[in-house]
Structure formats: structure tokens, C-alpha cells
Amino acid sequence: MTAALVPARYAVQLSGPVDMDGWREAARRLVLNGIPPHDIDWQVDGVGDLLSADRPLPPLPQNASVLSVPRAFPERAATVACHSDHDRYAFLYRILWRLASEPKLLEIASDPDVVRLGRMEKSVRRDCHKMRAFVRFVQVGEGFDERFVAWFEPEHFIVERNAPFFVRRFTGMRWTILTPKGSADWDGENLSIGPAASRADAPGEDAQNELWRTYFASIFNPARLKVKAMQAEMPKKYWRNLPEASLIPDLIKGAEKSAREMIDRIPTTPAPHHAKVQERYWTKAEETAVADGEAATLAELGRQAEGCRRCPLWREATQTVFGEGPDDARIVFVGEQPGDQEDLAGKPFVGPAGRLFDQILEEAGVDRRITYVTNAVKHFKFEPRGKRRIHAKPNAGEVKACNWWLGNELRLIGPDVAVALGATAAQALLGRAVAVTKERGRTLEREDGLKVFVTVHPSYLLRLPDAATKTAERGRFLDDMRKVKGLMGA
Ligand code: URA
């Protein structure tokens, strides 16, 4: 007696844990050929039923009918494909198979497959939400090498699905998110999805985490403390990767006192006139929008910069504060970024630091009107604190994004010397982190021949605590400005 030949099952090899295109293409061919679910072995990364023979998929039948599924199914299936259940692709095929004969299947809320589909979707969505809330970046590298790395342990394969959120949120930073279920990297322009990583690939606890703790302690709202809800939202399994988690017990203990203190300094929304200035600005900027490109004049470049969205700072700032001065200026002064008053006026160096700067320039015999004054970053970066907007230092990604404008300003002006007022300006002009105290008073030459004179920022003089130091430092800054004058036409 000869044994009956058992036809081998179809083995579908998917290209990775989330391969919706691969699944869709194979599932379409299989379902239209009438291949039932139990005849298919879905394999991810070679993991599947090892007994399956490598039976080629059947081609699409001639005159294949269109495969129609409920409108919501593709998106629901794409969500479930991120689930960590190893059976997910077989399960999705079973649903697809059933939909061919039960087109209203998804509307039967009591059907066990429909219940399971809903649960899996929910679990993936929840995991995405947790990742958005609990990813903590750690800074690695300085200056132009600055980047941010985070380690996170998701339950499902959600990295690729969630990555666009982080691109939108942290456009101006270069970052990598490492997880045991895949990784994502954003270099400021391109997003790449990579393989799984291990904890050892990620930087450990460091000063940046200390920063997180300070931030968390400052945003922690004791008046809204709900311990149970907090623990539900921040399940213990995420705690070990959260630098701020160690603070929670103490913060809870001190909550009542902090709540009282908080009421005393309830933050208020920004002054209404800020919103008005911003609205007026954007109405005009959108009417006269000009695309970025090789501008032929400073005026054209300034119009392009009005709509700048190269980094996220434009969202909170009132307007772009572009450079100001003639296009044949021999000196270009570069500050850090506009302050509160500059942001509202739309002009650089008009606030307290600007007024001091004007006085010292005058004493040094430099007429500001024949110089060009600009900033490394053209939008005001701040943290709202009550009614005030507190200056926040721009990060390397923001400085780099804004270098497009500074580079073009220098190209169009071609000055004898650019003066870096402070570390951010020096970094923008020289393309590296600069220790201002060390390089102060020196004239460095860039590869393109531009001379860069390095000095402190005038706001440094305003922050000095005692009168004697203030006078001495003001004198040093005046000397620096005299040296700058000597470099004009040199
Ligand atoms: N500080 C700067 O660096 N630039 C300004 O425009 C104002 C203050």
C-alpha cells in the first residue's frame, strides 16, 4: 500500500516583524485562489512551522475578482500587524478569509475573532501612547556632534508606526530611539528604521537624566495628584527606564505643600498683545510667502525667512527676527537668538542687551548703522513661566537648522569680519563648540577666509553680580569692540 501524498502547506516568508506590504500581496493571492487559513504558514524572520515545505505561492487567478474588504479593515490590520503575538499574520488572514463570505463580520461585536481584533488594536495603540509619553532622550556628543539617544522597551513592534510622531515633535534634534523591537534614527532630514537593539547599545544614566528629574519635578502638578491614576498611566514596568521615577514617592509626600505654593504662582497665558502681533505677522507672512532658495538680495532672503519652519521654534515665537543693516556692511555682529523684546519688535538687539551693546559700540567709535546685526537663531526660544517668557538656550540642531540663513547673510554681505557674541554665535560661525573664555579676543579664520572675532555676549555683562566685576568686564568688552573696529577694512 502506498501512503497518500499530503500536499505541502504554503510558507509565506515576511521580510520583518511589520511587513504589511508583504502580507497584503501574499494574502490577496492566497485568498483569491481559495487557499484556506490552515494551509498557510506565515513566517517572520524565518520563525514559523519548520515542517512547511517551500511551496511557491499560486499566481493571481486569471480574471481574479477584486478583493473587497470593509473600508476600515486595512488600517485595523496595519495596527494589528504591529502586535507582538506571533500568530498575528495568520489571524489577520483568517479574518480576511472570513470576510470573503461574511462581509459584515466586523460589525458582529460578539464574534470571538472580532473581539480579539479589537483587543489587539487597543493594546498596540496603548503601547504607542506609552512610548510617546515615556521615551527619554539622553544627550551624547557636543556641538555639531550633539545627538540624543533613548532606550525604550515597547510591548509591540511599534517603532516604525510611532517614529513620525517623534520626527514632528523633535524635528530640530538628531535622535535615535533604540528598542528590543527595532530602532529609529532621525538625522535632521531622514528617518531610518533599523533592527532591534539591546540595552547595552544605549547610554546609561547621566547628567541629562538629572535634567529630566529637575524638569519633571518642576512640571509635577501636586494639585492634580491622583496616585492611582498616575500608577495606571505610568505602569511600574516603565519605571526602571525613567530617570524621574525615583522622585515620585517624595513628590507625593510633599504634594500638599507644593500645591499651596503652586497656587501662589499660577501660570498665566501670554499677554494678549503677543497673540495679536503674532497673528498680524503670520497673516502678512503667508500673503507674501516666498520659497527658500538662492536669494539675490538680503531683502529677498529676509522675506524667505519670514515663513521659516526649518526647526520647531517658529511655533511658539511671535515672528522671525532677521538680521538688520546694510548689505555692504564691513562688520557682521552675530548674537545668539532674539530675546523677549526682540521677538515682539521683530528687530535684533533692541532689548536691554541691545541697548548696552549700542552704548559700548558708540564709545568704541563704531556706528551700528553701518554694521549688520543678526543672530545665530532667528526665533525666540523660551519657557513660559507665569507671565514671563524665560530665555532658553537653543540646541545644536536648532543652531544648525538656522545656519542656512546666517550662511546666506554672510554670502550676500561678504564682510571683513564676523563678530561672534558668545558661544552659540561662535559655534554657528565656526561649526564647532567654542570655549569663549579661551578664545576671547582672538581672530580665527574660517576655511572660506572669513575672519571671526570671538567675544562674550553683552547679556553676560548684565548678569554679573557685583559692580566692580561689571565695570571691569564692561571695559574688556569695550576693548574688544575697539579691536573689532581695527579689523574693518583690514
Ligand atoms: N540677545 C541676542 O543674542 N540677540 C538679540 O537680538 C537680543 C538679545
Side-chain angles (χ1 to χ4, degrees), residues 172 274 277-278 281 298 301-302 305-306 308 311 313-314 316-326 329 331-362 366 368-369 371-383 385 388-410 413 415 417-430 433-434 436-437 439-440 452-464 470 473-474 477 480-481 484:
H274 290 193
V277 178
Q278 193 178 41
Y281 173 80
L298 277 178
L301 188 68
E306 282 175 3
C308 180
C311 80
L313 294 183
W314 66 271
E316 303 301 328
T318 307
Q319 55 192 313
T320 304
V321 178
F322 203 65
E324 196 180 54
I331 310 180
V332 170
F333 286 105
V334 183
E336 184 194 65
Q337 61 160 350
D340 184 81
Q341 295 193 21
E342 286 80 9
D343 170 76
L344 289 169
K347 287 171 176 295
F349 282 97
V350 293
R355 286 193 289 276
L356 178 61
F357 180 55
D358 284 352
Q359 274 172 20
I360 300 178
L361 277 189
E362 202 182 327
V366 180
R368 173 167 166 174
R369 287 167 307 178
T371 72
Y372 186 83
V373 179
T374 191
N375 283 298
V377 170
K378 311 287 195 249
H379 282 116
F380 179 34
K381 180 175 177 181
F382 62 92
E383 279 158 21
R385 201 159 312 147
R388 299 191 320 139
R389 303 187 298 171
I390 306 295
H391 163 276
K393 191 172 156 53
N395 65 37
E398 287 148 1
V399 174
K400 193 172 173 201
C402 220
N403 231 310
W404 161 263
W405 303 115
L406 181 60
N408 275 295
E409 286 171 299
L410 293 168
I413 299 167
V417 61
V419 181
L421 300 168
T424 304
Q427 179 176 342
L429 284 165
L430 295 166
V434 175
V436 173
T437 35
E439 312 271 17
R440 179 176 186 176
V452 177
F453 182 89
V454 178
T455 185
V456 294
H457 193 282
S459 65
Y460 158 74
L461 306 175
L462 294 173
R463 289 195 303 268
L464 291 169
K470 237 180 197 152
E473 284 299 311
R474 191 183 190 284
F477 190 73
D480 284 347
M481 293 303 107
V484 168

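As the structure lists them, so they are numbered: ligands from 1, and atoms in each ligand from 1. Keep in mind the model is a prediction, meaning the values are calculated, not measured.
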List the steps and the verdict of side-chain contact (heavy atoms from CB on, under 4.5 Å) for Glu324 and Phe349.
CA-CA 10 Å; Glu324 196 180 54; Phe349 282 97; over 6 Å; no
List in chain and number order the residues that pass side chain to side chain donor-acceptor pair (under 3.5 Å) with Gln427, two or more places apart in sequence or in another chain; answer none if no residue qualifies.
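Residues passing side chain to side chain donor-acceptor pair (under 3.5 Å) with Gln427: none at all.
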Partners meeting side chain to side chain donor-acceptor pair (under 3.5 Å) with Thr455 (sequence neighbours left out)
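Result, side chain to side chain donor-acceptor pair (under 3.5 Å) vs Thr455: Asp480.
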Hey, what do you get for CG (Leu406) to OG1 (Thr374), rounding to the nearest 0.5 Å?
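Reported to 0.5 Å precision, the distance equals 6.5 Å.
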Non-hydrogen atoms closer than 4.0 Å to ligand 1: which protein residues do they belong to? List them by chain and number, please.
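These residues qualify: Gly335, Glu336, Gln337, Pro338, Gly339, Glu342, Pro348, Phe349, Asn375, His457.
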Looking at Leu410, is its backbone amide N or carbonyl O close enough to the side chain of Tyr372 to form a donor-acceptor pair, meaning the two atoms are under 3.5 Å apart?
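No; zero donor-acceptor contacts below 3.5 Å.
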Only pairs under 3.5 Å count here: list side-chain donor-acceptor contacts from residues 353-362, not counting sequence neighbours, and write none if there are none.
| from | atom 1 | to | atom 2 | distance (Å) |
| --- | --- | --- | --- | --- |
| Arg355 | NH1 | Val350 | O | 3.2 |
| Asp358 | OD1 | Arg368 | NH1 | 2.9 |
| Gln359 | OE1 | Arg474 | NH2 | 3.2 |

